[in-house]
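If you read the sequence from its start, that first residue is 1, and numbering goes on from there.
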Amino acid sequence: LGSVRLQSLSTRWRSLRRWLALGGDTGSLESLEGRIFLDAVAWTGSAGDNLWHTPGNWSNSAVPTIVDDVSINVPASNPTIVFNGSSGSRAVRSLNMAEAFSIQGGTLQVATTAMFTTTISMSGGTIRGGSLTLQVPSTLDGGTLDGVTINGDFRIVGNNAVTVVN
């Protein structure tokens, strides 16, 4: 069925090009606005260091950006993904995390939603924006939550400062 649909579109495109080449009226054609296609980026862990900021750990060999929907789920190896000061300031469109996540520094901005089905431990850094859903209790031992909506439980532990900004 898929190949039949592709042939049909290809045939239509050839017909349209032929029609235009023969002087067909373009007055009834309308151009489309520019489009941005969001990318799905998955964690592969291929670099072997479990660091967010290492390009070789991602399916597209580049650290995710604000236009990316990020998925981290590698049950065979169960890594703890580390986001630290070397990660700097990073932004993603959305995040679906099924592996342990340790935020030790830097800033992670989430444009829309983040779903965590495993623990987050935060000892520094900042999570900015978005809606975080925590399906299991997670721990805060420092860091900043800036403009974040949290659905779930964060336990505050240790003696480090935890800052919450609306």
Side-chain angles (χ1 to χ4, degrees), residues 1-10 12-13 17 31-152 154 160 162-163 165:
L1 182 63
S3 63
V4 171
R5 178 76 176 139
L6 289 175
Q7 287 175 344
S8 174
L9 289 174
S10 177
R12 289 180 188 170
W13 178 245
R17 286 191 333 203
S31 64
L32 297 175
E33 71 280 357
R35 304 275 171 119
I36 296 175
F37 295 95
L38 302 176
D39 291 328
V41 177
W43 178 270
T44 64
S46 295
D49 61 7
N50 292 339
L51 296 173
W52 179 284
H53 62 272
T54 303
N57 284 324
W58 299 99
S59 60
N60 62 350
S61 296
V63 178
T65 67
I66 191 69
V67 298
D68 294 320
D69 292 310
V70 176
S71 175
I72 301 178
N73 185 2
V74 283
S77 60
N78 293 319
T80 297
I81 312 306
V82 177
F83 192 98
N84 61 26
S86 296
S87 300
S89 183
R90 304 291 180 171
V92 298
R93 181 177 178 275
S94 67
L95 177 60
N96 188 347
M97 174 74 75
E99 303 302 335
F101 193 40
S102 176
I103 302 172
Q104 302 167 357
T107 299
L108 176 61
Q109 178 178 341
V110 179
T112 59
T113 60
M115 169 71 72
F116 294 90
T117 59
T118 188
T119 61
I120 303 172
S121 65
M122 188 169 177
S123 59
T126 300
I127 299 176
R128 179 171 291 131
S131 174
L132 275 62
T133 299
L134 307 173
Q135 291 189 345
V136 295
S138 295
T139 59
L140 278 174
D141 182 20
T144 302
L145 299 172
D146 182 358
V148 176
T149 300
I150 298 173
N151 302 302
F154 258 128
N160 295 319
V162 174
T163 305
V165 181

**Student:** Indicate whether the side chain of Ser71 and that of Asn96 have a donor and an acceptor atom separated by less than 3.5 Å.
**Tutor:** no

**Student:** Would you say that Leu134 contacts Ile120 through its side chain, given a criterion of any heavy-atom pair below 4.5 Å between the two side chains?
**Tutor:** yes

**Student:** Would you name the heavy atoms of Ser94 and Asp69 that are closest together and state the gap between them?
**Tutor:**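 Heavy atoms of Ser94 and Asp69 come nearest at OG-OD1, 2.6 Å.
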
**Student:** Just how far is it from atom CE of Met122 to atom CG of Asn160, taken to the nearest 0.5 Å?
**Tutor:** 11.5 Å

**Student:** Please step through side chain to side chain contact (heavy atoms under 4.5 Å, CB included) for the pair Asp141 and Val162, ending with a clear verdict.
**Tutor:** CA-CA 7 Å; Asp141 182 20; Val162 174; over 6 Å; no

**Student:** Could you pull out the closest heavy-atom pair between Pro79 and Trp43, with the gap in Å?
**Tutor:**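 Scanning both residues, the minimum pair turns out to be CG-NE1, 4.3 Å.
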
**Student:** Give a yes or no on whether the backbone of Met97 and the side-chain of Thr117 come within a donor-acceptor separation of less than 3.5 Å.
**Tutor:**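 Answer holds: yes.
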
**Student:** Taking Asp68 for its side chain and Val70 for its backbone only, find out whether a donor-acceptor pair lies under 3.5 Å.
**Tutor:** no

**Student:** Compare every heavy atom of Gly56 with every heavy atom of Ser46, then report the nearest pair and how far apart it is.
**Tutor:**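 Scanning both residues completely, I find the closest heavy atoms to be CB-O, 3.4 Å.
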
**Student:** Can you find a heavy atom in the side chain of Ile127 that is under 4.5 Å from one in the side chain of Ile103?
**Tutor:** yes

**Student:** For the side chain to side chain contact (heavy atoms under 4.5 Å, CB included) test, which of Leu51, Thr118, Ile72 pairs with Ile81?
**Tutor:**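 Of Leu51, Thr118, Ile72, side chain to side chain contact (heavy atoms under 4.5 Å, CB included) with Ile81 is met by Ile72 alone.
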
**Student:** Quick check: does any side chain N or O of Asn57 sit under 3.5 Å from a backbone N or O of Ala47, one acting as donor and the other as acceptor?
**Tutor:** yes

**Student:** Taking Arg128's backbone N and O only, do any of them form a donor-acceptor pair with Thr126's side chain (distance below 3.5 Å, no angle check)?
**Tutor:**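 No; zero donor-acceptor contacts below 3.5 Å.
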
**Student:** Is the shortest side-chain heavy-atom distance between Pro64 and Arg93 below 4.5 Å?
**Tutor:** no

**Student:** Quick check against the 3.5 Å criterion: does Glu99 have a side-chain atom that pairs as donor or acceptor with the backbone of Val74?
**Tutor:** yes

**Student:** Does any non-hydrogen side-chain atom of Phe101 lie less than 4.5 Å from one of Ser138?
**Tutor:** no

**Student:** Would you give the length of the straight line joining atom CH2 of Trp58 to atom OG1 of Thr44, rounded to the nearest 0.5 angstrom?
**Tutor:**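 Here the interatomic distance stands at 8.5 Å.
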
**Student:** Would you say that Asn84 contacts His53 through its side chain, given a criterion of any heavy-atom pair below 4.5 Å between the two side chains?
**Tutor:** yes

**Student:** Is Leu145 close to Ile150 at the side-chain level, that is, under 4.5 Å between some pair of heavy atoms?
**Tutor:** yes

**Student:** Within the side chain of Ser59, is there an N or O that forms a donor-acceptor pair under 3.5 Å with the backbone of Ala42?
**Tutor:**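 Such a contact is found between Ser59 side chain and Ala42 backbone.
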
**Student:** With a 4.5 Å heavy-atom cut-off, do Phe116 and Val136 have their side chains touching?
**Tutor:**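 A side-chain contact under 4.5 Å is absent here.
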
**Student:** Checking Ser87 side chain against Trp52 main chain: does a donor-acceptor pair fall under 3.5 Å?
**Tutor:** no

**Student:** Using side-chain heavy atoms (C-beta onward) and a distance below 4.5 Å, is Leu132 in contact with Thr149?
**Tutor:** no

